[in-house]
Amino acid sequence: MNDPDLNIVKLIQDGDGSAFDVLVKQYQDPLLNFIFRLTGDRELAEDLVQEVFLRSYQAIPRFEIRSGKAKFSTWIFKIAYNLSINEIHRRKRQSAFLKTAYAEKKEMRKGETTGSIANQYYYRQVLTIINQLPEQQKAALLLRTVKGLSYKEIADVLNRSVNAVESLIFRARKNVKSRLDKIEEE
Amino acid sequence: MKCSTIKSRISPYLDHELADDEALEIAKHLEGCDTCRKEHQALQDIDSILNELPEIAVSDAFHRKLEKSLNRQQHQAERRVHGRRSLFSIKTAIESILLSILKRHDGQDDVLEEFYDLPPNSMGRIYFKLF
């Protein structure tokens, strides 16, 4: 399996702690956005990204560099997914996540000079719909569309079979589509 | 292939996860079927929307906090190793003392020489002084 991160992982395992900074810079924003989309809470997402890096730093000495084994990106996203789901279950505040998602969306849009109000409203609707998806559907869809992971890689992250991932993504897309259709009818 | 079958395979087709022959069959069907083509387009649009959602970046304080946490984690790990070494030294000293007690009860006086090389304030020396 061709994994571009393996050289950096090998350096870290050989004692070069500064090589970890390379991985941090590479994955900080992708992880932040993935966790933010899962949880809807920006502050929580940043705390969880910190936790992902702390745990991966501890576990990297045991990461197996072997062809055919999971890629580093899959491994780190798996840690991110598990931490996010644990936190979501712990907090169980879906409605608060939605409110935060709206607030965050407004915040993100503050600096924009282009884009109509209708577009902004539409994006907010999409974000709400995504947040309302069942956790695994949401995670599978995000990992596929935004992160570009293959079904096999997503299966590794979510600890499901490839067929299950195909089904999750299919149902997620159908759910999003049917809710968007309902909004358009209203 | 029937439209109902095509619609159930459009999602993995969109993700390039199908075998070449199946993908080709679906591509040919889409060319000639408006309904399935619209379905395909609708799912593509959803993906486009998700990719257009603005990305956020870590805060300015992120790296500072992470470095602090990593250092703390490192120190805690080093303290645990040091603690285990200290416990091991104490354990070794206690075992030596117990061994000497057993040997003294056997009437062997030369066992006291085992304590001569212990550090001045170690448990072995302290025990020896009490007796």
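Here the structure is a predicted model, which is why all the values come from computation and not from measurement. Throughout, a chain's letter reflects where its sequence line sits, starting with A, and its residues are numbered from 1.
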Peer 1: Check for me, please, whether A:Ile76 and B:Leu70 land in the same ILVMFWY cluster - side-chain distances under 4.5 Å, paths through other members count.
Peer 2: yes
Peer 1: Give, as side chain, backbone, both or neither, the part of A:Leu31 having an atom under 4.5 angstrom from any heavy atom of chain B.
Peer 2: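 Contact with chain B involves no heavy atom of A:Leu31 at all.
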Peer 1: What distance separates A:Thr145 OG1 from B:Asn51 CG, expressed to the nearest 0.5 Å?
Peer 2: 5.5 Å
Peer 1: In sequence, state the C-alpha distance, the side-chain angles, and the governing distance for B:Glu55 and A:Asp29, and then conclude on side chain to side chain contact (heavy atoms under 4.5 Å, CB included).
Peer 2: CA-CA 8 Å; B:Glu55 300 259 302; A:Asp29 289 345; 5.7 Å; no
Peer 1: Pick one of side chain, backbone, both or neither for B:Leu66, based on which atoms fall under 4.5 Å of a heavy atom in chain A.
Peer 2: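 Both backbone and side chain of B:Leu66 come within 4.5 Å of chain A.
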Peer 1: Less than 4.5 Å to any heavy atom of chain A: does that hold for the side chain of B:Lys68, its backbone, both, or neither?
Peer 2: neither
Peer 1: Can you tell me if CG on B:Asn71 sees more than 12 non-hydrogen neighbours from other groups inside 6.0 Å?
Peer 2: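 Yes, CG of B:Asn71 has more than 12 neighbouring heavy atoms, counting only those of other groups under 6.0 Å.
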Peer 1: Without placing hydrogens or testing angles, list every side-chain donor-acceptor pair under 3.5 Å for residues 25-34 of chain B, not counting sequence neighbours.
Peer 2:
unit_1, atom_1, unit_2, atom_2, d
B:Asp34, OD1, B:Arg37, NH2, 2.3

Peer 1: Side chain, backbone, both or neither: which part of B:Ser59 has a non-hydrogen atom closer than 4.5 Å to chain A?
Peer 2: both
Peer 1: Got a second to check how far B:Asp15's CG is from A:Tyr151's OH, nearest 0.5 Å?
Peer 2: 3.5 Å
Peer 1: To the nearest 0.5 Å, tell me how far A:Arg173 CZ sits from B:Ile10 CD1.
Peer 2: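 Rounded to the nearest 0.5 Å, the CZ-CD1 separation comes out at 10.5 Å.
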Peer 1: Nearest 0.5 Å please: distance from the CD1 atom of B:Ile56 over to the CZ atom of A:Arg42.
Peer 2: 4.5 Å
Peer 1: Once you round to the nearest 0.5 Å, how far does NE2 of B:His63 lie from CZ of A:Phe53?
Peer 2: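 B:His63 atom NE2 to A:Phe53 atom CZ measures 8.0 Å (nearest 0.5 Å).
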Peer 1: Take atom CD of B:Glu67 as the centre, draw a 6.0 Å sphere, and report whether it contains more than 12 heavy atoms from other residues, nucleotides or ligands.
Peer 2: no
Peer 1: By a 4.5 Å heavy-atom criterion (distance strictly below it), what part of B:Gln74 contacts chain A: side chain, backbone, both, or neither?
Peer 2: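 Contact with chain A is through the side chain of B:Gln74 alone.
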Peer 1: Please check this pair: side chain of A:Gln50 against backbone of B:Phe62, looking for a donor-acceptor N/O pair closer than 3.5 Å.
Peer 2: yes
Peer 1: Hey, is CG on B:Asp60 packed in by over 12 heavy atoms from elsewhere, all under 6.0 Å?
Peer 2: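 No, not enclosed.
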Peer 1: Would you mind writing out the side-chain donor-acceptor pairs for residues 161-170 of chain A within the sub-3.5 Å range, not counting sequence neighbours?
Peer 2:
unit_1, atom_1, unit_2, atom_2, d
A:Ser161, OG, A:Ala164, N, 3.1
A:Glu166, OE2, B:Arg9, NH1, 2.4
A:Ser167, OG, A:Arg171, NE, 3.2
A:Ser167, OG, A:Arg171, NH2, 3.4

Peer 1: Is there a continuous path of hydrophobic side-chain contacts, each under 4.5 Å between heavy atoms, that joins A:Leu11 to A:Ile60?
Peer 2: no
Peer 1: Rounded at 0.5 Å granularity, tell me how far CG in A:Leu180 sits from CD1 in B:Ile49.
Peer 2: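 If we round to the nearest 0.5 Å, A:Leu180:CG and B:Ile49:CD1 are 6.0 Å apart.
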Peer 1: If every non-hydrogen atom of A:Lys177 is compared with every non-hydrogen atom of B:Ala42, which pair is closest and at what distance?
Peer 2: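 Result for this residue pair: CE-CB, 3.4 Å.
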Peer 1: Are any of the side-chain heavy atoms of A:Lys152 and B:Glu17 separated by less than 4.5 Å?
Peer 2: no
Peer 1: So which residue, A:Leu141, A:Leu32, A:Leu54, A:Val146, ends up with the most heavy-atom pairs under 4.5 Å with chain B?
Peer 2: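 Max contact count across the listed options: A:Leu54.
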Peer 1: Are B:Asp47 and A:Arg144 packed together at the side-chain level, in the sense that at least one heavy-atom pair is separated by less than 4.5 angstrom?
Peer 2: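 Side chain of B:Asp47 against side chain of A:Arg144, heavy atoms only: no contact under 4.5 Å found.
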Peer 1: Are A:Lys174 and B:Glu39 side-chain neighbours, meaning at least one heavy-atom pair lies under 4.5 Å?
Peer 2: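 In contact.
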